[in-house]
Amino acid sequence: MPKIPLHYVDLRTFCYATEDEKRVEAALRTLLPEEFEIERVESEGHYGDRILVLSARVENADDVRHVLERLTDLEEFDTLLAELDDRVTENTELFLRLDKQAAFAGEVRQGEGITFRAKVEAYPATKEAAVENAEEVLERLADEDV
């Protein structure tokens, strides 16, 4: 089993007062391994409304692989690969926004609601090396998925 060149993946979403917490958690769990711990932090909106921040940091290589394999389900996967140069920062972090409503339905799509941030291993720690590593691992996982 080849190495996954990511230090960690952070997933985060907000549960607003108008949303059902269980449904929002289910959406986030679409991307996570089974029984993965989700951190909850309560916050307050501008008008005093309750906002619950749900987040998870995935660090174990097998769990990171699971999250990345879910990304290979994206309809726009080829577009994601083409946009990697725009999605990886100088700090070797890969950013995506995923559709929370689609995730609740068990689908993985780009959109609004869930923030995906991954720290890509790169030696030397340059954007170019990180883009190359991210592209290589995503293509490999997509090929394994076929």
Side-chain angles (χ1 to χ4, degrees), residues 1-46 48-84 86-89 91-123 125 127 129-146:
M1 192 175 295
K3 186 174 181 292
I4 298 293
L6 275 80
H7 294 289
Y8 59 82
V9 173
D10 284 333
L11 296 167
R12 185 179 71 188
T13 190
F14 299 104
C15 179
Y16 299 100
T18 57
E19 295 178 305
D20 181 331
E21 183 181 333
K22 287 185 167 94
R23 291 173 63 106
V24 174
E25 180 180 334
L28 193 57
R29 288 201 178 280
T30 294
L31 300 160
L32 293 168
E34 263 186 58
E35 312 269 333
F36 201 86
E37 185 177 338
I38 294 178
E39 183 180 325
R40 291 169 164 69
V41 176
E42 231 177 275
S43 190
E44 190 174 294
H46 182 70
D49 51 322
R50 179 182 149 257
I51 298 174
L52 187 62
V53 181
L54 302 175
S55 60
R57 174 166 278 196
V58 182
E59 296 177 306
N60 173 289
D62 288 338
D63 293 342
V64 169
R65 178 186 308 278
H66 175 88
V67 175
L68 293 179
E69 284 174 345
R70 292 296 293 156
L71 283 186
T72 64
D73 294 339
L74 282 166
E75 280 183 31
E76 319 87 353
F77 185 73
D78 291 335
T79 304
L80 168 63
L81 291 176
E83 294 174 346
L84 280 176
D86 295 328
R87 295 188 174 279
V88 174
T89 69
N91 292 328
T92 71
E93 294 174 310
L94 169 63
F95 284 93
L96 287 173
R97 303 234 352 148
L98 302 168
D99 188 310
K100 183 167 45 171
Q101 194 66 37
F104 175 70
E107 300 172 23
V108 180
R109 278 199 307 245
Q110 288 187 20
E112 297 298 316
I114 299 175
T115 303
F116 171 101
R117 180 177 70 115
K119 181 68 172 173
V120 183
E121 285 182 19
Y123 304 103
K127 176 180 177 173
V131 167
E132 190 177 305
N133 285 346
E135 182 175 24
E136 186 269 326
V137 73
L138 288 170
E139 285 178 341
R140 187 181 45 189
L141 290 172
D143 288 344
E144 289 175 8
D145 208 29
V146 174

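Below, each value reflects all heavy atoms present in this structure, side chains not excepted, and no hydrogens, waters or symmetry copies. Numbers here are sequence positions counted from 1.
A salt bridge does not link Glu75 to Arg109: none of the charged side-chain nitrogens sits closer than 4.0 Å to a carboxylate oxygen. Using a 4.0 Å cut-off between charged nitrogen and carboxylate oxygen, Arg23 and Glu19 do not count as a salt-bridge pair.
Closest heavy-atom contact between Ala134 and Val120: N-CG1, 4.2 Å. In plain terms, the two heavy atoms of Glu76 and Gln110 that are nearest each other are OE1-N, 3.7 Å. Looking at every heavy atom in both residues, Ala103 comes nearest to Ala27 through CB-O, 3.4 Å. In terms of heavy-atom proximity, Ile38 sits nearest to Glu25 at CD1-CG, 3.7 Å. In terms of heavy atoms, Asn133 sits closest to Glu121 at ND2-O, 2.6 Å.
Side chains of Val137 and Leu141 form a contact here, defined as non-hydrogen atoms less than 4.5 Å apart. Contact of the Lys119 side chain with the Thr92 side chain is registered, since non-hydrogen atoms from C-beta on lie closer than 4.5 Å.
Within the 3.5 Å criterion, the main-chain N or O of Ile4 finds no donor-acceptor partner in the side chain of Arg65. Of the possible donor and acceptor atoms, none in the side chain of Asn91 sits under 3.5 Å from a partner among the backbone N and O of Glu93.
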*asked:* Run Leu31 and Phe116 through side chain to side chain contact (heavy atoms under 4.5 Å, CB included) and show every step you take.
replied: CA-CA 10 Å; Leu31 300 160; Phe116 171 101; over 6 Å; no
*Test salt bridge (Lys or Arg N to Asp or Glu O under 4.0 Å) on Asp143 and Arg140 and set out the steps.*
CA-CA 5 Å; Asp143 288 344; Arg140 187 181 45 189; over 6 Å; no
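Of the candidates Asp99, Leu98, Val108, Leu98 is the only one forming a side-chain contact (heavy atoms from CB on, under 4.5 Å) with Ile114. Each of Leu11, Thr13, Val41 was evaluated against Leu54; a single residue qualifies, Thr13, per the side-chain contact (heavy atoms from CB on, under 4.5 Å) test.
Heavy atoms of other residues, nucleotides or ligands lying less than 6.0 angstrom from CD of Glu136 number more than 12.
In this structure, Glu69 CD and Glu144 CD are separated by 6.5 Å, a value rounded to the nearest 0.5 Å. From Cys15, atom SG reaches atom NZ of Lys100 across 6.5 Å, with rounding to the nearest 0.5 Å.
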